[in-house]
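Okay, so here's the structure we're looking at.
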Amino acid sequence: MGVDVKIEGLTKSFGKQLIWKDVTLTLPAGEISVMLGPSGTGKSVLLKTLIGLIKPDQGSVIIEGVDIASCSEKDLYEVRKLFGVLFQDGAMFGSMDLFDNVAFPLREHTKKSESEIRNIVMEKMDLVGLIGAENKLPGEISGGMRKRAGLARALVLDPEILLIDEPDSGLDPVRTAFINQLFIDLNAQIDATFLIVTHDINSTRTVPDNIGLLYHKHLAMYGPREMLLSSEEPVVRQFLNAQTIGPIGMSEEKDADELAAEKDMGLPPLPPIPLQLEPSNGIPRRYQRPPGAWCRENGVTPPPGSFRPDAAMAPGGVKADPAEAPY
Ligand SMILES: Nc1ncnc2c1ncn2[C@@H]1O[C@H](COP(=O)(O)OP(=O)(O)OP(=O)(O)O)[C@@H](O)[C@H]1O
């Protein structure tokens, strides 16, 4: 289950504004990837390009042999059925209750009977811990519940690829920890290919199998979590450790004088690499790798203290039962 998403030489401008150039990466089938980047670097534009809502100027996005960037509308319609998308605010229809919102894609895209639809909707509501809230309107529930309802809706067509835009925006750290655990548990259950766009460094360090960083109109790096968390590359190091010292400035790149002034400042050591979150039932995900495997295979010495249980950052150790999530 899950399919590769092969992105090759992707370039996009709006008028004279170049968003990014020559973005090349493969989201491996069934794995969880996170895409990071300063505001405005085109992370949402990338998500929209992957589902064919935005056409790139150059490059391809190959899914099961079909190029989303250049295929016919008919092929695009078919390929889109492989996707589930969770938008930032859940993108619920305000006048429909949660049941009808979650049922919407099934009524639009399938010929299933109402009783089949009911079974699927209730199964997905259960997965995200929303049983009992089916008849609530989106306006009557918290932001965290809206996100989970959006997730249930993204799951009803059994997606092979799940795109998730800033799931933690507007959530407090505890709700963010619950939703992170939900992603890990879901991935273990459905094996889909996940791409999560986030600004949350804590989530980035503990959830994904792979991390990408968009910066200065290109893909600065994409690869296994341990590769980026042990990287000394200045932009990657600065961003993944939320530091002020480094090439990224307040609103743009630092200029030569600012960088020269920082030259003699010692960089803080790389923090330990935390353990990756595991499914709450203790059964490893299909694509989960043992802690430190990438570092060992590539002869990289991880920062001292890495992979110790006490090196886990905040979300580690939260055994989430979504039904008990207080939001
Ligand atoms: N349809 C569009 N037409 C013109 N410009 C657009 C369009 N969509 C996005 N942009 C521009 O593309 C740039 C990147 O936007 P995008 O929302 O992808 O950034 P982002 O990295 O997701 O930012 P944030 O982290 O703040 O959400 C912005 O300057 C935005 O104004």
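What you see below is based on every heavy atom in this structure, not just the backbone, and it leaves out hydrogens, waters and symmetry mates. Whatever order the structure lists ligands and atoms in, that order sets their numbers, starting from 1. Numbering starts at 1 and runs along the sequence shown.
Within the 4.0 Å cut-off (strictly below), a protein heavy atom is located near atom 18 (O) of ligand 1.
Taken to the nearest 0.5 Å, the CD1 atom of Ile141 stands 10.5 Å off from the CG atom of Asp97.
The existence of a salt bridge linking Asp191 and Arg285 is excluded, since no basic side-chain nitrogen approaches an acidic carboxylate oxygen closer than 4.0 Å. Here Asp165 does not pair with Lys147 in a salt bridge; the nearest charged N to carboxylate O distance is not below 4.0 Å. Between Glu297 and Arg289 a salt bridge is recorded (basic side-chain N to carboxylate O distance below 4.0 Å).
For the ligand labelled ligand 1, residue Gly37 lies outside the 4.0 Å heavy-atom shell.
Summary of contacts: the protein heavy atom closest to atom 21 (O) of ligand 1 is Lys43 NZ, 2.8 Å. Remark: minimum distance from atom 27 (O) of ligand 1 to any protein heavy atom is reached at Glu166 OE2, 3.2 Å. Of all protein heavy atoms, the one closest to atom 16 (P) of ligand 1 is Gly42 CA, 3.9 Å. Among protein heavy atoms, atom 15 (O) of ligand 1 sits closest to Val45 CG2, 4.0 Å. When hydrogens are left out, the protein atom nearest atom 14 (C) of ligand 1 is Gly40 O, 3.5 Å; that is the closest non-hydrogen contact. In this structure, the protein non-hydrogen atom closest to atom 3 (N) of ligand 1 is Phe14 CD2, 3.4 Å.
Annotation: cation-pi pair Lys12/Phe14 present, NZ/CZ under 6.0 Å from the ring centroid and within 45° of its normal.
Residue Ile19 approaches ligand 1 through these ligand atoms, each under 4.0 Å from one of its heavy atoms: 12 (O), 13 (C). Ligand-side atoms of ligand 1 in range of Ser44: 17 (O), 18 (O), 22 (O), range being under 4.0 angstrom from any heavy atom.
Nearest-heavy-atom check against atom 29 (O) of ligand 1 across Lys12, Lys48, Gln17 picks out Gln17.
In the displayed structure, Glu232 atom CD is contacted under 6.0 Å by more than 12 heavy atoms of other residues, nucleotides or ligands.
Ring-plane geometry between Phe194 and Phe183 is classed as perpendicular, the angle between the planes exceeding 60 degrees on a 0 to 90 degree scale with a lower cut at 30.
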Could you walk me through whether Asp100 and Arg107 pass the salt bridge (charged side-chain N to carboxylate O under 4.0 Å, His left out) test, one step at a time? CA-CA 9 Å; Asp100 287 338; Arg107 292 181 176 143; 3.0 Å; yes
